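Worksheet: the structure to be examined is printed underneath.
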Number of protein chains: 2
Amino acid sequence: MKSFGEIIKEKREEKGLFLRQVSALMELDQAIISKLERQERKASREQVLKFAEIYDLNPKDLIISWRSDKVAYELMNEENAEQILKVAETKVKYLKKKIG
Amino acid sequence: MKSFGEIIKEKREEKGLFLRQVSALMELDQAIISKLERQERKASREQVLKFAEIYDLNPKDLIISWRSDKVAYELMNEENAEQILKVAETKVKYLKKKIG
DNA sequence: ATTGATTTGACTAATTTTGTCAAATCACTT
DNA sequence: AAGTGATTTGACAAAATTAGTCAAATCAAT
């Protein structure tokens with residue numbers, strides 16, 4: 001399963017674009033894009049959607065990839081990560097039902 | 001399923017302690033404890049462990065509750081929260097195997 | 001109304017995140 | 001090996017978020 005960074009890096013290469021060019025399209029320093037590709041930094045939601053646009057990726061799928069990366073990264077050093085995710089699932093369902 | 005805030009609030013009441021007293025035990029302003037109980041703020045890991053100590057709660061379980069609250073809260077406004085959690089699970093397993 | 005517990009909100013301090021930039025490194029070509 | 005252009009790195013500053021302090025407001029019970 002590819003990480004968000006891997007996805008946007010592969011896609012850029014597939015499209016034959018240089019960081020410089022993506023940088024111009026995104027209006028974002030190429031150093032940051034480089035870091036996003038190597039997962040040294042995390043993208044904002046807006047940036048994710050911009051990537052989807054530029055690279056013709058399904059925004060929903062890209063959001064899922066980005067968001068799940070973030071959750072997984074936060075939990076990877078957590079002893080009981082799997083249990084936490086299970087409980088979180090229950091809680092999310094509850095919260096969504098309750099509040100929206 | 002109880003939230004972290006609910007748990008620590010109930011336990012405090014069960015023990016018949018006032019915020020002021022818990023505040024002294026935790027060395028933390030009672031305003032903050034009040035906010036933690038009502039989930040207006042998020043506890044740090046250290047604080048969670050301190051609560052477990054004070055209230056005789058299983059630290060592991062309390063951590064799970066606290067951490068899952070955080071994840072659930074972050075995702076509750078996310079369209080595809082369930083999918084994100086599923087993907088995150090896969091990624092966590094992978095990351096734990098790979099890095100530790 | 002008074003007392004004591006809890007909650008609220010304004011304020012400051014501390015921490016984390018974000019972007020900018022230039023220099024360093026890398027890969028390729030000649 | 002030098003030169004070219006792409007990518008990566010790291011130091012720095014700006015911006016945003018989070019944490020804690022405090023006093024006043026609210027609440028609950030008498």
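Since this is a predicted model, take the numbers as computed values, not measurements. Quick note on labels: first sequence line is chain A, next is B, and so on, each numbered from 1. Side chains are part of it too, since the values below use all heavy atoms of this structure and drop only hydrogens, waters and symmetry mates.
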Test side-chain contact (heavy atoms from CB on, under 4.5 Å) applied to B/K9 and B/R12, step by step: CA-CA 5 Å; B/K9 174 157 202 181; B/R12 176 172 64 81; 4.3 Å; yes

Intermediate values then yes/no, salt bridge (charged side-chain N to carboxylate O under 4.0 Å, His left out), A/K2 and A/E10: CA-CA 10 Å; A/K2 279 177 210 145; A/E10 283 184 11; 3.2 Å; yes

Test side-chain contact (heavy atoms from CB on, under 4.5 Å) applied to B/R67 and A/E78, step by step: CA-CA 9 Å; B/R67 220 56 175 83; A/E78 194 70 62; 3.0 Å; yes

Residues A/M76, B/K91; criterion side-chain contact (heavy atoms from CB on, under 4.5 Å); working and verdict: CA-CA 9 Å; A/M76 84 182 203; B/K91 286 180 177 173; over 6 Å; no

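For the side-chain contact (heavy atoms from CB on, under 4.5 Å) test with A/F51, the passing option among A/L57, A/L25, A/L36, A/I7 is A/L36; the others fail.
Looking at A/K93 and A/K97, their side chains never come closer than 4.5 Å, going by heavy atoms from C-beta outward. Taking the side chain as every heavy atom from C-beta outward, A/D56 and A/K11 never approach each other to under 4.5 Å. Under the 4.5 Å side-chain criterion, counting only non-hydrogen atoms from C-beta, B/L75 is in contact with B/V71. Two residues are said to be in side-chain contact when any heavy atoms from C-beta on lie closer than 4.5 Å; A/E89 and A/L85 fail this criterion.
Rounded to 10°, the helix from C/dA1-D/dT30 to C/dT30-D/dA1 has 40° between the axis fitted to its first five pairs and the one fitted to its last five.
The stretch residues 13-25 of chain A touches DNA chain D through A/F18, A/L19, A/R20, each having a heavy atom under 4.0 angstrom from the strand.
The interatomic distance linking B/I33 (CD1) with D/dT21 (C1') rounds to 13 Å, in whole Å. Atom P of nucleotide D/dA19 and atom CD of B/E46 are separated by 13 Å, given to the nearest angstrom. Atom pair A/E10:CD and D/dT7:C1' shows a separation of 17 Å (rounding to whole Å applied). Here the P atom of nucleotide D/dT17 and the OH atom of B/Y73 are 13 Å apart, to the nearest Å.
Separating the CD atom in B/Q83 from the CD1 atom in A/I63 is a distance of 12.5 Å, to the nearest 0.5 Å. Atom-to-atom distance recorded for B/I84:CD1 and A/S68:OG is 7.0 Å, nearest 0.5 angstrom.
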Contact pattern, 5' to 3', of nucleotides 8-27 of chain C - B, S or - by protein heavy atom under 4.0 Å: BB--------BBBB------

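The side chain of B/K9 contributes no N or O atom lying less than 4.0 Å from OP1 or OP2 of C/dA5. Between B/R12 and C/dA5 there is no side-chain polar atom (N or O) within less than 4.0 angstrom of OP1 or OP2.
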